[in-house]
**Q** 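This is the structure I want to talk about, given as structure tokens.
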Protein chains: 2
Amino acid sequence: MKPPKSLPPADTRLSILDASEYLFANEGYRGTTLRAITKRAGVNLAAVNYHFGSKETLLEEVIKRRIEPLNMERRRRIQEVQDLASKKGKKPVVKSVLQAFITPTLEFRDSEPGARDFITFIGRAFADPDDSVRKVFVRFMHPIFELMHRTMCLALPDYPADLVFWRLQFCMGSLFTPCISAAIFTWIHQMSQTWMQHPLMLLLFLM
Amino acid sequence: MKPPKSLPPADTRLSILDASEYLFANEGYRGTTLRAITKRAGVNLAAVNYHFGSKETLLEEVIKRRIEPLNMERRRRIQEVQDLASKKGKKPVVKSVLQAFITPTLEFRDSEPGARDFITFIGRAFADPDDSVRKVFVRFMHPIFELMHRTMCLALPDYPADLVFWRLQFCMGSLFTPCISAAIFTWIHQMSQTWMQHPLMLLLFLM
DNA sequence: CATTATTTCAAACATCTGTTTTAATCATCT
DNA sequence: AGATGATTAAAACAGATGTTTGAAATAATG
């Protein structure tokens with residue numbers, strides 16, 4: 001009897017991405033060593049540099065994999081809200097614009113294992129003093145954030161643009177900040193309300 | 001003519017604390033090396049281990065120096081609000097309880113150079129994945145947070161305690177989270193309002 | 001002043017980190 | 001099957017980091 005065929009070689013690249021996502025979220029970028037990643041992924045230490053070139057490129061790939069489809073969906077929905085409104089010759093509705101951004105986030109969060117880790121990671125990245133982490137996030141988020149800002153300014157033509165900017169900043173920040181984002185989700189379940197009833201979301205733009 | 005007396009030996013311990021505070025806030029605990037600290041403080045590398053024993057003890061001292069007097073003042077004011085209310089046989093007023101906690105924070109923030117760094121550091125510590133950082137903060141904040149919780153429950157006897165807990169969590173978190181806390185302070189200046197007008201503070205407990 | 005204790009200093013140490021190297025292994029194609 | 005290219009493996013490397021050491025300098029004490 002032949003020895004059993006060796007296990008189908010699990011996609012090394014993918015296990016590295018998954019392991020990194022988990023560890024980056026729970027230990028931070030700096031706090032995660034390549035050795036911890038490769039051990040968790042069950043691959044050789046050199047695999048990271050072979051497949052990604054460097055730790056920093058790995059970070060970029062970890063982020064890109066999740067954020068690109070997420071932002072694509074966000075962009076689609078925001079555009080939809082904007083188009084629908086302009087077709088009727090009206091302003092976009094604040095609540096719909098917010099919804100267009102946030103709903104995909106919440107759906108994504110529950111869509112697959114690892115997504116929750118990623119959201120945690122994003123939250124920490126906002127407060128991360130390490131440039132190499134924050135800058136990558138900002139680079140990926142800047143375009144969609146600008147779109148949000150423009151659309152929100154359309155929705156609130158009487159508000160000065162920089163005020164809208166700050167409210168948006170606040171709103172986005174609180175959505176991802178770990179302790180707060182956790183509170184939001186707890187709230188949703190506890191109150192059996194939609195996130196839209198959340199005072200922060202409601203009031204940041206509606207008062 | 002004698003050579004000028006060498007500069008009065010700047011208190012090594014103190015310059016290390018100041019340098020650490022600045023660097024921890026701007027580069028993070030993990031991102032700050034002992035060599036960077038001692039260079040900024042203008043002291044020898046070995047001075048940290050001589051005066052503090054280890055990097056972790058240094059972290060503890062950096063935090064303790066600021067947070068102990070701050071929490072003392074908070075405790076005093078919260079107690080005051082509570083005592084004044086019970087003397088009149090009334091419930092404490094939500095707004096006053098919040099104020100008792102937050103006003104010292106704002107006053108402290110502008111009280112001396114380095115204080116702002118410390119607030120930044122606190123904000124990042126809340127999201128820090130590094131246990132050694134988060135745990136120290138939690139240890140120092142737990143008692144005062146419990147007092148806040150108890151007092152707030154007195155002020156809102158009809159609210160379930162865990163709901164009050166979450167709102168408090170949310171409120172405290174957003175006060176220190178860097179991106180949000182920055183927005184709050186900008187807001188204050190921009191609107192020429194007191195922080196109490198901030199929708200977050202107002203509404204977390206009043207709606 | 002002499003002695004003792006405290007503080008500073010430069011150098012070294014052990015460990016850990018990201019990365020590179022070189023050889024072995026595996027898969028694919030002719 | 002044999003040649004070729006891609007992937008994996010173990011080991012080593014260079015640099016950085018927290019810590020320790022032992023001697024020098026300074027301050028305090030008798």
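Quick caveat, the model's predicted, so the values are computed rather than measured. Reminder, nothing fancy here: chain letters follow the sequence lines and each chain counts from 1.
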**Q** Applying a 4.0 Å non-hydrogen cut-off, can you work out what Thr32(A) is touching in the nucleic acid: base, sugar-phosphate, or nothing?
**A**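 If one applies the 4.0 Å heavy-atom cut-off, Thr32(A) turns out to touch the sugar-phosphate alone, with no base involved.
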**Q** So Ala46(A), base contact, sugar-phosphate only, or nothing? Heavy-atom distance under 4.0 Å.
**A**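 If one applies the 4.0 Å heavy-atom cut-off, Ala46(A) turns out to touch a base.
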**Q** Let me know the distance between CG of Leu45(B) and C1' of dA10(C), rounded to the nearest Å.
**A**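 One finds 10 Å between C1' of dA10(C) and CG of Leu45(B), rounded.
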**Q** Could you state the CG-P distance from Asn49(A) to dA10(D), rounded to the nearest angstrom?
**A**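 One finds 16 Å between P of dA10(D) and CG of Asn49(A), rounded.
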**Q** Do Glu107(A) and Arg77(A) meet the salt-bridge criterion of a basic N to acidic O distance under 4.0 Å?
**A**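 Looking at Arg77(A) and Glu107(A), the cut-off is met.
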**Q** Specify whether Phe121(A) and Phe137(A) have parallel, tilted or perpendicular ring planes, treating 30° as the upper limit for parallel and 60° as the lower limit for perpendicular.
**A**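 Geometry flag for Phe137(A) against Phe121(A): perpendicular rings.
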**Q** So, Thr105(B) versus Arg74(B): side-chain donor-acceptor pair below 3.5 Å or not?
**A**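 Yes, a side-chain donor-acceptor pair sits under 3.5 Å.
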**Q** Would you mind telling me which of dT20(C), dT7(C), dA12(C) lies closest to the side-chain atoms of Arg35(B)?
**A**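 For Arg35(B), the side-chain atoms sit closest to dA12(C).
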**Q** If only side-chain N and O atoms of His51(B) are considered, is one of them under 4.0 Å from the OP1 or OP2 phosphate oxygen of dT8(C)?
**A** yes
**Q** Give the nucleotide from the list dA11(D), dT19(D), dT8(D) with an atom nearest to the side chain of Leu34(B).
**A** dT19(D)
**Q** Would you mind checking if Arg76(B) and Glu80(B) are paired as a salt bridge, meaning a charged N to carboxylate O distance below 4.0 Å?
**A**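 Looking at Glu80(B) and Arg76(B), the cut-off is met.
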**Q** Return the value, rounded to whole Å, for the distance between atom CG of Leu59(B) and atom P of dG18(D).
**A** 13 Å
**Q** What nucleotide, of dA6(D), dC9(C), dG18(C), holds the atom closest to the side chain of Asn44(B)?
**A**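 Among the listed nucleotides, the one closest to the side chain of Asn44(B) is dC9(C).
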**Q** Taking the inter-plane angle between the rings of Phe108(A) and Phe118(A) on a 0 to 90° scale, is it parallel (under 30°), tilted (30 to 60°) or perpendicular (over 60°)?
**A** perpendicular
**Q** Please determine, for the side chain of Tyr50(B), which listed nucleotide (dT7(D), dA11(C), dT8(C)) has the closest atom?
**A** dT8(C)
**Q** Between C1' on dA9(D) and CD1 on Ile16(A), what's the gap in Å once rounded to a whole number?
**A**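 These atoms are roughly 13 Å apart.
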**Q** Please determine if a side-chain N or O atom of Thr12(A) lies less than 4.0 Å away from the OP1 or OP2 oxygen of dT8(D).
**A**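 So the side chain of Thr12(A) is within the cut-off, an N or O lying under 4.0 Å from OP1 or OP2 of dT8(D).
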**Q** State whether Ser54(A) places a side-chain N or O below 4.0 Å from either non-bridging phosphate oxygen (OP1 or OP2) of dG18(C).
**A** no
**Q** With nearest nucleotide decided by heavy atoms, which residue, Gly42(A) or Thr33(B), maps closer to the 5′ end of DNA chain D?
**A**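 Its nearest nucleotide being more 5', the pick is Gly42(A).
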**Q** Write down the distance between CD (Glu56(A)) and C1' (dT19(C)), rounded to a whole number of angstrom.
**A**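 Taking atom C1' of dT19(C) as the reference, CD of Glu56(A) is at 14 Å.
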**Q** Using whole Å, what does the distance between atom C1' of nucleotide dT8(C) and atom CZ of Arg13(B) come to?
**A** 16 Å
